[in-house]
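Here is the structure we will look at, set down as structure tokens.
Numbering starts at 1 and runs along the sequence shown.
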Amino acid sequence: MQNLLLEKVMRSTLELFIQGSQNLIDTKQAEEKLKVGTLRAGNTGVLTPTGKVAGTCHRKTFLRYKGIELEPEDISRKLMFDAGNGNEDLWVNVLEAAQEPGLVLRREEELGLEWSLPSGQKVSGRPDIVLGKMNGEAWEPVRGIELKLVSSLWTARDVLLKGKPKTIHLMQAGHYAWKLGVPFEIWYSNRTTFAITDYSQDRFFARKNFPKPGEPLSEYCKYNEKGQILSVEPFIVGYEVRWNNKGQLVYSQVGSDKVVHTFITQQGIEDYYSLVARMEKEDYLGPRPENLDADGEAAGYDLCDSRYCPLASTCDNHEKKGLANWLEQVKKVIDTGTGKK
């Protein structure tokens, strides 16, 4: 009887969740409209001296710059984004609990970062966390932190076992380090257990990617009595990011003395945003983006593959006709809902 009464005076839990999620999505979309015409550090990329574009696809960055949502957020995507936001909240709780004397921690909305291109076009960004201390009445940043949630077995393999942060994450952290004038760190958090299963034709395909018992980093793995890996366990792994005196980004895994020099430069980041800012005026789409490792070599997959980009066919069929024609076709893709992967 009590449950029946509850149903009469309150919507179901599912209905409340759906409505609340949609309200938050609507609020976020309204906030995004206020940022139309500003380039965003969250879409950092690099234009190399040889004319290659790496990092975030500059065409997608242009769409965001114009306020065009290629893949509008829905409740399913919100669940995914919320996981990353929740990871940030958990980190803040832990850092504050450390009770570091004098530590004053600031987060995204408290850290409005803005700079201008030579053309006057503004670029803005909000780092995840910056640790700082008070100098009199002024807050001074000491170290920045970008936080990434590990959501796949292969990301766990790359960032933990191969010692390779994602290039796009290096660019973003480097961007913030450059403009705030402090070193940054990227911390990957795996908050789940990834089971290792034999799911390919090669019976031991997955197992070959991970250490055997007793090998370095095997402490993050679980094995059966035969010494066969069963899972990758929760972990955190960090990378220190800084600029050398040549304006080149370098990084090292926390706890390691090995320094890796990347192809990422301050000039390359500025040139990337300058490219995006002039695309409309010049009716120019620029080259296809390339998927590069931090050393500048080609990485695993084609960013323009239709499995990963909903604009693959649009670029294939319309990029040679100029940006205006391409943009018209993009809007058609969005209107028909075929932009969702």
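- Taken to the nearest 0.5 Å, the CZ atom of Phe210 stands 4.0 Å off from the CD1 atom of Ile196.
- A donor-acceptor pair is defined here as one N or O able to donate and one able to accept, closer than 3.5 Å; such a pair exists between the side chain of Thr262 and the backbone of Leu249.
- Arg64 has its side chain within reach of Glu32: a pair of non-hydrogen atoms, C-beta onward, lies under 4.5 Å apart.
- Side-chain contact between Val250 and His261 is present, with heavy atoms from C-beta onward closer than 4.5 Å.
- Placement of Val130 and Met134 within a single hydrophobic cluster is found when ILVMFWY residues are connected by side-chain heavy-atom separations under 4.5 Å, directly or transitively.
- Remark: side-chain polar atoms of His58 are paired, donor with acceptor, to backbone N or O of Pro287 under 3.5 angstrom.
- Cluster annotation: Leu180 is not connected to Leu131 through the hydrophobic network of ILVMFWY side chains, with a link wherever side-chain heavy atoms come within less than 4.5 Å.
- A donor-acceptor pair is defined here as one N or O able to donate and one able to accept, closer than 3.5 Å; such a pair exists between the side chain of Ser256 and the backbone of Lys258.
- Two residues are said to be in side-chain contact when any heavy atoms from C-beta on lie closer than 4.5 Å; Leu14 and Ile18 meet this criterion.
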Next item on the list: Would you please test Asp302 and Asn291 for side chain to side chain contact (heavy atoms under 4.5 Å, CB included) and show each step?
Entry: CA-CA 6 Å; Asp302 180 3; Asn291 187 10; over 6 Å; no
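- A donor-acceptor contact shorter than 3.5 Å is absent between the side chain of Arg40 and the backbone of Thr61.
- The aromatic rings of Phe235 and Tyr220 lie perpendicular to each other, with more than 60° between the two planes, well past the 30° mark.
- A salt bridge links Asp316 with Arg288: the distance from a Lys NZ or Arg NE/NH1/NH2 to an Asp or Glu carboxylate oxygen falls below 4.0 Å.
- A heavy-atom distance below 4.5 Å is not found between the side chains of Tyr176 and Val182.
- Of the possible polar contacts, one joining the Tyr272 side chain to the Thr56 backbone as a donor-acceptor pair under 3.5 Å is found.
- Within 6.0 Å of NZ in Lys166 there are 12 or fewer heavy atoms belonging to other residues, nucleotides or ligands.
- To the nearest 0.5 Å, the span separating CZ on Phe194 from CD on Glu233 amounts to 11.0 Å.
- Checked by atom type, the side-chain pair Tyr188/Thr155 shows no donor-acceptor distance below 3.5 Å.
- Judged purely by atom type and a 3.5 angstrom limit, Glu140 has no side-chain atom pairing as donor or acceptor with the backbone of Gly132.
- Looking at every heavy atom in both residues, Gly55 comes nearest to Ile168 through C-CD1, 4.2 Å.
- In the hydrophobic clustering of ILVMFWY residues, with side-chain heavy atoms under 4.5 Å counting as a link, Val53 and Leu117 come out together.
- More than 12 heavy atoms of other shown residues, nucleotides or ligands fall within 6.0 angstrom of atom NZ in Lys179.
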Notebook entry, point to check: What do the steps show when you test Lys148 against Glu146 for side chain to side chain contact (heavy atoms under 4.5 Å, CB included), and what is the final call?
Noted result: CA-CA 7 Å; Lys148 306 300 177 184; Glu146 278 298 293; 3.9 Å; yes
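- Taking the charged nitrogens against the carboxylate oxygens, Lys60 and Glu71 have no contact shorter than 4.0 Å, which rules out a salt bridge.
- For Pro211 against Tyr223, the heavy-atom pair with the smallest separation is O-OH, 2.8 Å.
- At least one donor-acceptor pair under 3.5 Å links the side chain of Asp283 to the backbone N or O of Leu323.
- One hydrophobic cluster, built from ILVMFWY side chains closer than 4.5 Å, cannot hold both Val241 and Ile145; they sit in different ones.
- Remark: side-chain polar atoms of Asn244 are paired, donor with acceptor, to backbone N or O of Gly247 under 3.5 angstrom.
- Contact of the Glu270 side chain with the Pro118 side chain is registered, since non-hydrogen atoms from C-beta on lie closer than 4.5 Å.
- In this structure, the side chains of Trp115 and His175 come closer than 4.5 Å at one or more pairs of heavy atoms.
- Checking Asn325 against Gln329 by side-chain atom types alone, no donor-acceptor pair falls below 3.5 Å.
- Taking all atoms of both residues into account, the shortest heavy-atom contact from Val142 to Pro183 is O-CD, 3.8 Å.
- Two residues are said to be in side-chain contact when any heavy atoms from C-beta on lie closer than 4.5 Å; Leu292 and Val46 fail this criterion.
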Would you give me the side-chain donor-acceptor pairs under 3.5 Å for residues 121-128, sequence neighbours excluded?
{"residue": "Gln121", "atom": "OE1", "partner": "Tyr65", "partner atom": "OH", "Å": "3.1"}
{"residue": "Gln121", "atom": "NE2", "partner": "Gly37", "partner atom": "O", "Å": "2.7"}
{"residue": "Asp128", "atom": "OD2", "partner": "Leu147", "partner atom": "N", "Å": "2.9"}

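- Between Phe62 and Trp326, the ring planes are tilted. Angles from 30° to 60° get that label.
- By the 6.0 Å and 45° rule, Lys28 stacks over the aromatic ring of Phe81.
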Margin query: For Leu16 and Gln19: C-alpha separation, side-chain torsions, deciding distance, then whether side chain to side chain contact (heavy atoms under 4.5 Å, CB included) applies.
Written below: CA-CA 5 Å; Leu16 292 172; Gln19 185 63 65; 6.0 Å; no
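- The heavy-atom pair separating Glu110 from Arg106 by the smallest distance is OE1-CA, 3.3 Å.
- Smallest separation of non-hydrogen atoms from Asn209 and Leu161: O-CD1, 3.6 Å.
- Put simply, CG on Leu285 and CZ on Arg59 are 4.5 Å apart, with the number rounded to the nearest 0.5 Å.
- Under the 4.5 Å side-chain contact rule for hydrophobic residues, Leu217 and Val260 share a cluster.
- We find the NZ-CH2 distance between Lys162 and Trp154 to be 9.0 Å, quoted to the nearest 0.5 Å.
- The only option from Asp293, Asp295, Asp158 that meets the salt bridge (charged side-chain N to carboxylate O under 4.0 Å, His left out) definition with Lys164 turns out to be Asp293.
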Notebook entry, point to check: Can Leu311 and Leu63 be said to form a side chain to side chain contact (heavy atoms under 4.5 Å, CB included), step by step?
Noted result: CA-CA 12 Å; Leu311 291 180; Leu63 292 177; 4.0 Å; yes
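- The structure places NZ of Lys133 at 13.0 Å from CH2 of Trp139, a figure rounded to the nearest 0.5 Å.
- Here the two rings, on His169 and Tyr239, have centers that are 6.0 Å apart or farther.
- Side-chain atoms of Trp178 never come within 3.5 Å of backbone atoms of Gln266 as a donor-acceptor pair (strictly under, hydrogens ignored).
- Here the OH-CD distance, from Tyr284 to Glu319, works out to 10.5 Å after rounding to the nearest 0.5 Å.
- Looking only at side-chain heavy atoms (C-beta outward), Tyr273 and Leu47 stay at 4.5 Å or farther from each other.
- Minimum heavy-atom separation, Ala312 to Asp305: CB-C, 4.2 Å.
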